[in-house]
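One structure is given below, encoded as structure tokens.
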Amino acid sequence: MTSRVTSTPFSVLDRSRTRQGRAEGEALRDTVAFARLAEELGYHRFWVSEHHSVPGVAGSAPTVLAAAVAAATDRIRVGTGGVMLPNHQPLVVAEQFGVLAALHPDRIDMGLGRSVGFTDGIRRALGRDKEAAGDFGAQLAELLGYFTGRQQVHPQVHARPAEGLHVPAFVLATGAGATVAAEAGLPLVIAAVVGEDRMLEAIERYRAAFRPSAQAERPYVVVAGTVAVAETTERARRLLVPEAWSSAYSRTHGVFPPLEPAEEIEARTMSPRERERYEESMRGHIHGTEQEVTAALDTLIERSGADEILVTTSTYDRAGMLDSYRRLARVAHLSDARGTRGSAAGPPRGSAELAGAR
């Protein structure tokens, strides 16, 4: 095993994907059970996501789900990947994370995104519009100000019990997210959504523009993506099929559906447009045997300089998915590293924040 893979923290983002023929509540309970396994295997963080009115995702209230995960685990860091800040008032977000951090000291992460609901109906229900994402930088500054007690948007308003607590904040790079993360001096979470080269360019811009802050003294990059590991390359590839079809279906029909068995998808007659989107969605993921995945991860970490890898794999075959995470933990020697690289919250904090934390 290479030193880059075995010296890099690995974390989990679980989106509570629903599965055909199963209740949405089961997906949420599966997430909590998965978190316990991730902790046992030595993963660094376990994050949950925010989606609204999406049939394929049960995770609509990430801070509530994070509370359940934190209560069911003991050591692993717990957080969000992420809370979509434009959907919420910063005060409410600060209060929610303040409660989480007070109940679970030194274990809570605050991953934040700038997306808004993806349809007009969802945005109206949330009381937001498309332009809300343009205020992300100001919303982020207000939110962080509630933790330091220095926000001036609403004088004399204080977030309890958040004020005075340190909750590491991360910015999910969508659109201008990398620039916002650099200007705010926050860790960056980024995926190769539009290709690895574009991702690497964004990382380079982030590092060049980074301004040290009380949250982080230096740039910190978390690269997110799908990693599927199995006994054979073909079995690993088939783990990708259900998520790829859901993505293709959402791009051709406007609805992101529950996961279906790989064999049903492979036997399906797809329209030319569906086939094109499906094949696109199958590309760009790391998959294969343990040896193949080790080599691919080593290359990714070398090219990106990633400080951490956030794995987002989901599939219909839950047993296969959990086996993949077990194999990945073995590849990265996560259990061997528990208590060392798995113990740090993330990037070094600035001296001012360290002096003022309590």
Side-chain angles (χ1 to χ4, degrees), residues 1-2 4-6 8-20 27 30-31 33-35 37-38 41-47 49 56-57 81 189-193 195-196 199 222-250 256-266 277-301 303-304 306 308-334:
M1 302 297 178
T2 65
R4 275 184 289 264
V5 174
T6 58
T8 300
F10 279 74
S11 299
V12 176
L13 168 60
D14 187 67
R15 292 182 294 142
S16 303
R17 292 288 276 114
T18 59
R19 290 170 171 79
Q20 185 183 68
D30 284 346
T31 290
F34 181 22
L37 175 65
L41 293 173
Y43 284 93
H44 182 31
R45 311 178 199 275
F46 191 95
W47 284 4
S49 64
V57 183
V189 183
I190 189 167
V193 176
E196 187 170 305
M199 179 187 75
V222 182
V223 172
T226 297
V227 182
V229 197
E231 183 180 356
T232 67
T233 306
E234 178 57 24
R235 287 183 180 179
R237 190 199 71 82
R238 293 190 84 239
L239 291 175
L240 305 176
V241 169
E243 187 72 33
W245 169 247
S246 286
S247 177
Y249 191 89
S250 72
F256 197 75
L259 296 169
E260 301 176 40
E263 56 270 20
E264 291 185 14
I265 296 167
E266 291 173 330
R277 296 303 190 190
Y278 169 71
E279 291 178 353
E280 286 177 0
S281 298
M282 286 291 289
R283 293 195 288 268
H285 308 296
I286 291 177
H287 73 282
T289 64
E290 292 179 28
Q291 184 176 6
E292 291 168 337
V293 165
T294 299
L297 284 170
D298 186 59
T299 299
L300 174 63
I301 295 168
R303 291 193 70 199
S304 65
E308 185 174 335
I309 300 294
L310 180 67
V311 184
T312 64
T313 308
S314 59
T315 188
Y316 180 86
D317 179 3
R318 184 165 178 78
M321 185 192 81
L322 298 180
D323 180 65
S324 175
Y325 276 97
R326 290 188 184 96
R327 290 175 181 272
L328 178 58
R330 187 159 61 234
V331 160
H333 294 187
L334 297 187

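These figures come from a predicted structure and were not determined experimentally.
Here the side chains of Val5 and Val331 are in contact, with some heavy-atom distance below 4.5 Å. Using a 4.5 Å cut-off on side-chain heavy atoms (C-beta onward), Phe10 and His44 make no contact. Counting only heavy atoms from C-beta outward, the side chains of Leu322 and Leu37 approach each other to under 4.5 Å. When side chains are defined from C-beta on, Ser11 does not count as touching Val222, because their heavy atoms never get closer than 4.5 Å. With a 4.5 Å cut-off on side-chain heavy atoms, Tyr43 and Leu328 count as touching.
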Could you give me the CA-CA distance, side-chain angles and deciding distance for Glu308 and Thr8, then say whether side chain to side chain donor-acceptor pair (under 3.5 Å) is met? CA-CA 6 Å; Glu308 185 174 335; Thr8 300; over 6 Å; no

Using the rule given for side-chain contact (heavy atoms from CB on, under 4.5 Å), can you reason through Val227 versus Ser324, listing the C-alpha separation, both sets of side-chain angles and the distance that settles it, and then say yes or no? CA-CA 8 Å; Val227 182; Ser324 175; 5.8 Å; no

Between His287 and Val293, does a side-chain contact (heavy atoms from CB on, under 4.5 Å) hold up when you go through it step by step? CA-CA 6 Å; His287 73 282; Val293 165; 5.6 Å; no

Go through the steps for Leu297 and Ile286 under the test side-chain contact (heavy atoms from CB on, under 4.5 Å), then give the verdict. CA-CA 8 Å; Leu297 284 170; Ile286 291 177; 3.7 Å; yes

Residues Leu300, Ile309; criterion side-chain contact (heavy atoms from CB on, under 4.5 Å); working and verdict: CA-CA 10 Å; Leu300 174 63; Ile309 300 294; 4.3 Å; yes

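Proximity of a side-chain donor or acceptor of Arg19 to a complementary backbone N or O of Tyr316 within less than 3.5 Å is detected. Judged by distance alone, the side chain of Arg45 and the main-chain N or O of Leu13 form no donor-acceptor pair under 3.5 Å. Ser250 places a side-chain N or O within donor-acceptor distance of the main-chain N or O of Ser247, the cut-off being under 3.5 Å.
Shown here is Tyr249, whose OH atom has no more than 12 heavy atoms of other residues, nucleotides or ligands within 6.0 Å. Gln291 CD: 12 or fewer foreign heavy atoms inside a 6.0 Å radius.
Atom CZ of Arg17 and atom CG of Leu259 lie 3.5 Å apart (nearest 0.5 Å). Within the model, atoms OG1 of Thr232 and CD of Glu292 stand 9.0 Å from one another, a figure rounded to the nearest 0.5 Å. Taken from CG in Leu239 to CD in Glu234, the straight-line distance is 10.0 Å, to the nearest 0.5 Å. Between the CZ atom in Phe256 and the OG atom in Ser246 there is a gap of 5.0 Å [rounded to 0.5 Å]. Note that the CG atom of Asp323 and the CZ atom of Arg327 stand 4.5 Å from one another [nearest 0.5 Å]. The structure places NE2 of His285 at 6.0 Å from CG of Leu240, a figure rounded to the nearest 0.5 Å.
Pairing each heavy atom of Thr313 with each of Val311, the nearest pair is OG1-CG1, 3.4 Å. Here the closest heavy-atom approach between residue Asp30 and residue Arg318 is recorded as O-NH2, 2.8 Å. Between Pro242 and Ile265 the shortest heavy-atom distance is CA-CD1, 3.6 Å. The two residues Val223 and Ala306 come nearest to each other via the heavy atoms CG2-CB, 3.6 Å. The heavy-atom pair separating Pro261 from Gln20 by the smallest distance is CD-OE1, 3.7 Å. Summarising the geometry of Ala191 relative to Met199, their closest heavy-atom pair is C-SD, 3.6 Å, with the distance given to 0.1 Å.
A salt bridge links Arg237 to Glu266: one of the charged nitrogens lies within less than 4.0 Å of a carboxylate oxygen. The pair Arg15-Glu243 meets the salt-bridge criterion, with a side-chain N (NZ, NE, NH1 or NH2) lying under 4.0 Å from an Asp/Glu carboxylate O.
Shown here are the side-chain hydrogen bond (donor to acceptor under 3.5 Å, both in side chains) partners of Thr31, two or more places apart in sequence or in another chain: Asp14, Ser16.
Between the side chains of Glu231 and Thr289, no donor-acceptor pair is found at a separation under 3.5 Å.
Checked against a 6.0 Å centroid threshold, the rings of Tyr325 and Phe34 count as neighbours.
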